[in-house]
Amino acid sequence: MIQFDDVTITYAEAAAPTLADVDLVVPEGELCLVVGRTGSGKSTLLRAVNGLVPHFTGGRLTGRVLVDGRDTRTHPPRELADVVGLVGQDPVAGFVTDSVEEELAYSMESLGLAEQVMRRRVEETLDLLGLAELRHRPLATLSGGQQQRVAIGAALTAQPRVLVLDEPTSALDPGAAEEVLAALQRLVHDLGMTILIAEHRLERVVQYADRVVRLVGADRPPLVGEPSSVLAGSPVAPPVVRLGEAAGWRPAPLSVRDARRLAGPLRERLAGLSPAPPPAAPAETLLRASDVVVRYPGTVALRGVSLSVGAGERIALMGRNGSGKSSLLWALQGTGPRHGGRVAVDGMDPADRRPAERRAAVGLVPQQPTDLLYLESVRAECAKADEEAGAVKGSCRELLDRLLPGVPDGSHPRDLSEGQRLALVLAITLTAAPRVVLLDEPTRGLDYPAKERLAESLRTLADQGRAVLLATHDVEFVAEFATRVVVLAEGEVVSDGPVAEVVTSSPVFAPQVAKVLAPQRWLTVREVSDALGEVTA
Amino acid sequence: MDGSPQGQGDSVTRTLHPGAWWLWALSLATAASRTTNPLLLGLIVAVAGYVAVRCRDTTPWASSYGVFLKFGLVVIASRVVFHVLLGGIAGPTVLFTLPRVPLPDWAQGIRIGGPISAEGLVFSLSQGLQLATLLGCVGAANALANPKRLLRSLPAALYEVSVAVVVTMTTAPQLVASAKSVRRARQLRGDSVRGWRAVRTLLVPVIEDALARSLVLAAAMDSRGYGRGAGLSRGARRLTATLVLSGLVGLCVGVYALLDGTSPAVVGLPALAAGLVLAVAGLVVGSRRVGRSRYRRDRWGVRELLVVASGLGAVAAVLLTAALGSSLLGAADLSPATVPLAVPQLPLLPSVGVLLAVLPVFIAPQRESTHA
């Protein structure tokens with residue numbers, strides 16, 4: 001169905017090709033997963049399938065890409081619209097109309113289908129993706145998972161033979177991600193559709209994949225094959241695969257179910273051991289919030305949230321999209337609105353202080369870190385940050401090097417990778433030396449090694465006596481990073497406790513290792529391998 | 001599917017064609033443009049407002065009606081303030097006198113300060129009210145029919161233009177949202193930048209974000225078949241453009257002549273008609289080659305015609321009264337004299353005509369909440 005013959009793609013003004021010597025055949029009815037580090041060319045590969053690369057992006061493509069027998073060289077994306085449906089990373093940015101039904105019909109209108117055909121297919125798609133209830137709703141009022149399903153539906157109505165999805169679950173909470181993946185499953189199994197997915201959060205999708213394409217850098221051709229063989233030894237592998245490696249299982253299991261079947265002996269070996277005890281209760285409270293209320297026109301985002309944050313704590317704030325996580329972070333920092341309750345940092349309310357003093361007390365890295373950046377180079381941003389914080393020259397650069405060495409001084413912040421950009425903004429925030437650091441969804445777009453680095457940096461910050469509070473959907477990251485988890489629902493705290501207690505008690509928030517080794521309370525591969533290492537040593 | 005039982009059943013519940021609402025509202029606006037009688041203007045605002053509140057959707061854009069009304073009040077207020085400051089109509093009933101600012105000889109026509117007469121105030125009030133009424137009518141149309149839906153029912157030849165307008169309309173609120181979040185984020189850096197640099201800290205991320213968004217949208221539209229097979233031949237394109245452009249010029253001349261009471265009626269109607277014919281011809285020529293179809297096309301039915309007719313009734317009553325000049329029908333009351341001041345009377349025929357425009361309340365589908 002999809003065929004890449006010796007494809008090399010070089011963008012204009014790039015010194016080296018982004019993808020080199022790709023030979024790939026994806027037969028009909030397969031779900032093929034594209035994995036690789038950030039910047040390894042996953043999006044380029046996906047966008048080459050419907051001809052956006054190079055027709056839309058420019059650059060040079062040698063070799064040949066065939067989709068359903070059509071050569072993308074002679075067919076621009078619009079002429080492939082009836083064969084390939086493409087769903088981008090941010091569904092909202094790709095919406096052309098503003099209501100569900102119209103969005104579903106848009107591609108068909110472009111194809112010039114008859115009205116009866118359109119009516120029928122819209123109805124079918126509404127049913128297939130469980131969107132019938134939402135048909136008249138404006139797109140802006142839908143939740144993230146619903147928007148993603150509409151975006152998939154909008155691609156489906158043209159009845160393409162191939163569906164290409166770029167990180168379809170990266171912005172979604174675990175429940176919404178399940179919703180989307182279940183819909184994709186149904187497409188492969190019931191309709192025999194060919195699906196190509198790129199995803200960083202492998203733990204969510206790898207068990208559904210028939211084939212994995214692992215991009216290993218532009219100088220070598222990608223590895224293509226069975227998921228378990230391709231992922232073995234890869235730095236980008238879900239925890240269940242790495243657990244399998246640590247335990248010596250061959251072939252590596254891909255799903256929690258497979259792993260649980262193999263895990264009996266491992267559980268026995270671990271039976272007498274226990275994970276490192278949680279750190280002692282913090283000696284000093286840095287931030288105390290009580291009964292925080294935040295309202296927006298028509299909704300109440302927070303209904304009286306109380307929280308105290310101690311020095312050295314690493315807290316993960318979890319909950320569905322729209323449960324009030326961001327509102328809480330902004331209210332704690334003092335810049336966002338707060339309509340009730342009290343927040344005290346060092347005995348002072350940050351909202352009463354001037355912005356410069358506020359950031360010296362509580363630092364916040366927002367969901368869109370780029371909102372903070374406006375200069376042309378990393379060097380200029382760092383110098384500006386020193387000036388803003390009244391810090392010694394070079395402080396920001398030093399912090400950045402400690403967080404992530406090797407971010408080039410002369411680069412434009414927009415050209416950095418997601419991980420580098422996040423490190424830059426975190427360094428800028430830390431230059432003001434706040435003792436409480438808040439981060440809103442920092443793991444979006446980060447691959448496993450980048451997430452590990454981030455967890456490591458944040459751990460170091462906490463060990464220096466700071467408190468780190470971050471909002472995230474990423475249960476695996478929470479297992480690596482957090483000492484304590486606070487779950488919000490409908491603007492209220494529904495649970496608050498040590499990480500092991502909170503996440504193992506909920507099937508939605510449990511990391512893979514915990515699911516495999518339940519009822520034992522192991523959360524990460526590192527804990528398990530450390531414990532096993534102690535036994536053998 | 002036209003005429004099938006399903007099609008008819010559909011027409012009972014579906015919303016009216018947006019074009020019908022816009023024509024209805026523009027008719028009322030035209031009627032308002034030909035009178036300065038505050039009573040009649042008030043009646044028009046009341047009729048438009050009543051229909052808007054009774055028939056509007058529960059969609060986000062429907063709530064923008066209040067914004068239009070507030071804007072109308074601002075217009076009235078500013079018209080009066082300008083009159084007080086700069087003067088205008090002088091009259092015998094001087095209410096108060098502002099100190100006059102002496103101006104050099106070359107500014108003879110302009111006066112700042114001076115005596116303020118009741119006649120002048122009434123005149124500026126009714127002028128302001130007229131503008132506010134026009135705004136009220138447009139606001140009602142906006143609340144009753146999403147302008148985006150109206151653009152969707154444009155002829156296929158104008159498809160590219162309508163998509164561009166729709167995308168722009170979507171981008172504007174996004175720009176506002178993006179500017180808000182960047183402003184907030186700036187405080188996270190201490191908000192220490194002032195002056196021109198501060199503008200820059202706001203503009204750079206907002207514009208970069210808008211550019212990135214539009215690129216994503218363009219890629220999405222391309223992948224979804226936008227512009228597919230829309231290759232018009234050069235000759236056809238030129239013919240279309242010529243026809244449409246000259247048609248639009250004709251329409252503008254015609255509309256201007258109709259709205260401006262001083263130009264002869266001989267110019268207005270024929271120019272309007274000729275413009276209409278040319279524009280329609282151009283659109284038909286252009287649309288023939290576009291390989292697109294429409295999902296749930298808005299259709300014209302009896303109810304649409306009735307809605308438009310009720311609006312046209314209002315404007316016809318006003319125009320007819322003005323043309324006949326009959327005092328029985330109330331021609332003199334269309335523009336009540338301000339020097340000397342007189343208590344305005346409701347002109348008979350125009351009032352009846354404007355009241356006719358309430359008709360949509362009885363024929364348009366009601367909001368669901370009014371059923372319950």
Side-chain angles (χ1 to χ4, degrees), chain A residues 47 50 52 55-56 76-82 84-86 88 90 93-98 101-102 105-116 118-119 122 138 140 154-155 158 330 333 335-336 354-356 358-359 363-364 366 368 370-374 385 388-389 414 428-429 432, chain B residues 1 6 57-61 146 148-149 152 159 163 166-167 169-170 173-174 178 181-193 197 200-206 208-209 212-230 290-297:
Chain A
R47 286 150 70 95
N50 82 335
L52 277 178
H55 286 290
F56 187 80
R78 51 189 171 274
E79 303 295 338
L80 288 166
D82 52 335
V84 184
L86 180 80
D90 181 2
F95 285 151
V96 186
T97 67
D98 52 14
E101 258 191 280
E102 283 169 17
Y106 181 79
S107 313
M108 295 189 290
E109 290 183 334
S110 307
L111 297 179
L113 297 179
E115 195 168 344
Q116 295 94 310
M118 288 199 264
R119 290 293 291 273
V122 166
W330 280 93
Q333 205 271 336
T335 299
R354 298 224 320 278
R358 209 184 284 158
R359 73 187 285 255
L364 170 60
Q368 285 268 5
T370 45
D371 284 353
L372 268 89
L373 304 175
Y374 58 91
E388 281 166 344
R414 288 265 160 184
I428 290 172
T429 306
Chain B
M1 228 159 65
Q6 193 188 346
D57 286 330
T58 47
T59 40
W61 50 87
N146 184 356
K148 283 190 191 175
R149 250 181 69 213
R152 266 171 55 82
Y159 174 69
V163 168
V166 167
V167 168
M169 284 167 59
T170 324
Q174 271 169 4
S178 166
S181 80
V182 170
R183 250 179 66 96
R184 211 167 59 150
R186 218 173 59 176
Q187 299 200 22
L188 297 179
R189 285 192 75 162
D191 205 11
S192 59
V193 196
R197 303 272 298 276
R200 190 190 136 126
T201 60
L202 184 68
L203 279 186
V204 171
V206 169
E208 279 181 352
D209 187 51
R213 265 174 194 284
S214 39
L215 275 179
V216 172
L217 182 63
M221 287 170 65
D222 201 3
S223 321
R224 293 172 64 186
Y226 172 75
R228 184 182 159 105
V290 179
R292 279 182 53 87
S293 52
R294 287 285 158 81
Y295 177 74
R296 292 216 173 177
R297 192 189 302 267

Check each atom of [X] against the heavy atoms of chain B and say whether the ones under 4.5 Å are side chain, backbone, both or neither.
| X | value |
| --- | --- |
| A:Ala432 | neither |
| A:Leu364 | both |
| A:Tyr106 | both |

Counting heavy-atom pairs closer than 4.5 Å to chain B, which one of [options] comes out on top?
| options | value |
| --- | --- |
| A:Thr370, A:Thr335, A:Leu86, A:Val84 | A:Thr335 |
| A:Pro355, A:Gly88, A:Ala154, A:Pro366 | A:Pro355 |
| A:Pro76, A:Gly85, A:Ala385, A:Ala93 | A:Ala93 |
| A:Glu101, A:Glu102, A:His55 | A:Glu101 |
| A:Ala158, A:Ala389, A:Gly94, A:Ala140 | A:Gly94 |

How long is the straight-line distance from [atom2] of [Y] back to [atom1] of [X], given to the nearest 0.5 Å?
| X | Y | atom1 | atom2 | result |
| --- | --- | --- | --- | --- |
| B:Arg184 | A:Gln333 | CZ | CD | 10.0 Å |
| A:Asp371 | B:Arg189 | CG | CZ | 11.5 Å |
| B:Arg213 | A:Asp90 | CZ | CG | 6.5 Å |
| B:Arg186 | A:Leu372 | CZ | CG | 11.0 Å |

Show the nearest heavy-atom pair for residues [X] and [Y], with the distance to one decimal.
| X | Y | value |
| --- | --- | --- |
| B:Ser223 | A:Ala81 | O-CB, 3.4 Å |
| B:Asp209 | A:Arg414 | N-NH2, 4.4 Å |
| B:Tyr295 | A:Glu115 | C-OE2, 4.3 Å |
| A:Val96 | B:Met221 | CG2-CG, 3.5 Å |
| B:Leu188 | A:Arg359 | O-NE, 2.8 Å |

Structural part of B:Leu215 lying under 4.5 Å from a heavy atom of chain A = both

Do the side chain of B:Arg224 and the main chain of A:Ser110 share a donor and acceptor less than 3.5 angstrom apart?
-> no

Could you check if a side-chain atom of A:Arg78 sits within less than 4.5 angstrom of a side-chain atom of B:Asp222, using non-hydrogen atoms only?
-> yes

Are any of the side-chain heavy atoms of A:Tyr374 and B:Val206 separated by less than 4.5 Å?
-> no

